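Nothing here was measured: the structure is a model prediction, and the numbers come from that model.
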Amino acid sequence: VRDGDDWVIDGRKRWNSAAQTVSHNVVFARTSGEPGEPLGITAFLVPTDAPGYRVEFFWWTMNMPADAAEVTLEQVRVPGSAVLGETGAGLIAVQCFVHDQRMRQAAQSLGAAQYCIDGAVAYARERRTWDRPLGSNQAIRFPLAELQTEGAMVRALLRATAAALDERPATGISHLVAMCNYRANRLACDAADRAMQVCGGVGYSRHMPF
């Protein structure tokens, strides 16, 4: 809410990346409009040492800690100059950088997927069962071939979308960025799952990094 020349923010922010290292946090808060409407959300640059700003804890992801924090804002006061972009148009401002972040995430997921595929292929070639390579079985080869093919397709989509980001406004290709982010992340999960199954018990253990 507005209070003179300042804004007072109350709420919680979940999955807040790198909250333990940053000096300022980008906080999106509704300042007008109705719930669910894209307009009326304002982006604020909030100092992490502001009174009422607390990092409560860090979420565990799967079986490991992450830098994703739960942050509480209780009567946090910021000046009008803390508004990033225009009041009520925070989702428009975020389009300037969120697409690049999603592309990096997609590229990381594609790299993780390729690592899992390569590891599973290498294991299937060297592991021998019933006196022949594990990879000689179609039930092993075919799913890995499908993953390798999808990896090539996702890589082509990523490169084409990255080139388009260099040539035109990001908001014009939001659908392509979303496609990259969705499919690359899904591929990483599928490839890790398949790699664990190909490698059997050792794939489930921490001796293999899947």
Side-chain angles (χ1 to χ4, degrees), residues 13-19 21-46 59 61-62 64 66-69 71 81-122 142-195 209-210:
K13 187 176 183 186
R14 180 163 290 177
W15 300 110
N16 197 153
S17 302
T21 60
V22 297
S23 63
H24 289 71
N25 202 337
V26 182
V27 175
F28 294 88
R30 180 161 295 283
T31 54
S32 63
E34 297 296 327
E37 291 181 352
L39 294 179
I41 297 174
T42 301
F44 296 94
L45 286 172
V46 179
W59 284 89
T61 56
M62 296 296 188
M64 64 187 71
D67 69 345
V71 176
S81 59
V83 173
L84 180 64
E86 297 181 7
T87 302
L91 295 185
I92 296 175
V94 76
Q95 299 297 329
C96 298
F97 59 85
V98 74
H99 285 73
D100 293 342
Q101 190 277 332
R102 286 175 175 160
M103 289 296 291
R104 286 193 294 273
Q105 172 64 44
Q108 289 174 333
S109 290
L110 174 60
Q114 192 64 59
Y115 182 85
C116 292
I117 296 168
D118 292 345
V121 169
F142 286 9
L144 291 175
E146 290 177 1
L147 287 171
Q148 193 78 278
T149 302
E150 184 167 353
M153 292 190 292
V154 171
R155 187 173 295 106
L157 176 62
L158 267 169
R159 290 174 175 170
T161 304
L165 273 174
D166 288 338
E167 297 170 356
R168 68 183 88 164
T171 52
I173 55 170
S174 296
H175 62 296
L176 295 178
V177 175
M179 289 161 59
C180 289
N181 198 33
Y182 156 70
R183 200 61 223 177
N185 293 337
R186 178 70 176 270
L187 177 62
C189 294
D190 290 346
D193 177 69
R194 178 58 57 181
F210 301 132

Between Thr42 and Gly88 (side chain of the first, backbone of the second, donor and acceptor by atom type, cut-off under 3.5 Å), is there such a pair? yes
Test side chain to side chain contact (heavy atoms under 4.5 Å, CB included) applied to Arg194 and Cys116, step by step: CA-CA 8 Å; Arg194 178 58 57 181; Cys116 292; over 6 Å; no
Can a donor-acceptor pair be found, under 3.5 Å and without considering hydrogens, that links the side chain of Arg104 to the backbone of Gln108? no
Is it true that a side-chain atom of Thr31 and a backbone atom of Gly40 form a donor plus acceptor pair closer than 3.5 Å? yes
Rounded at 0.5 Å granularity, tell me how far CG in Leu39 sits from CZ in Arg30. 9.0 Å
How long is the gap from CZ on Arg102 to SG on Cys180, to the nearest 0.5 Å? 12.0 Å
Would you say Val94 and Leu84 make side-chain contact, with heavy atoms under 4.5 Å? no
Lys13 side chain vs Ala69 backbone, donor-acceptor pair below 3.5 Å: no
Derivation of the salt bridge (Lys or Arg N to Asp or Glu O under 4.0 Å) call for Arg186 and Asp190: CA-CA 6 Å; Arg186 178 70 176 270; Asp190 290 346; 3.8 Å; yes
Applying side chain to side chain contact (heavy atoms under 4.5 Å, CB included) to Glu86 and Ile92, what does each step give before you reach the verdict? CA-CA 9 Å; Glu86 297 181 7; Ile92 296 175; over 6 Å; no
How many angstroms lie between CG in Asp67 and CH2 in Trp15, if you round to the nearest 0.5 Å? 10.5 Å
Working to the nearest 0.5 Å, report the span between CG of Leu110 and CG of Leu187. 6.5 Å
Nearest-0.5 Å distance that lies between atom CD1 in Ile41 and atom OG1 in Thr87: 13.5 Å
Nearest heavy-atom neighbours spanning Ala113 and Ala191: O-CB, 3.7 Å
Check: Asp193 side chain, Cys189 main-chain N or O, donor-acceptor pair, under 3.5 Å: no
Surrounding CD of Gln95 (heavy atoms of other residues, nucleotides or ligands, distance under 6.0 Å), is the total greater than 12? yes
Once you round to the nearest 0.5 Å, how far does OG1 of Thr161 lie from CE of Met103? 5.0 Å
Stepwise, does the side chain to side chain contact (heavy atoms under 4.5 Å, CB included) test hold for Phe44 with Val83? CA-CA 5 Å; Phe44 296 94; Val83 173; 3.7 Å; yes
Return the minimal non-hydrogen interatomic distance between Ala184 and Ala106, and the atom names on each side. CB-O, 3.3 Å
How far apart are the closest heavy atoms of Phe28 and Ala43, and which atoms are they? CE2-CB, 3.6 Å
Short side-chain to backbone donor-acceptor contact, Arg183 and Glu150, under 3.5 Å: no
Does Tyr115 have more than 12 heavy atoms from other residues, nucleotides or ligands lying within 6.0 Å of its OH? no
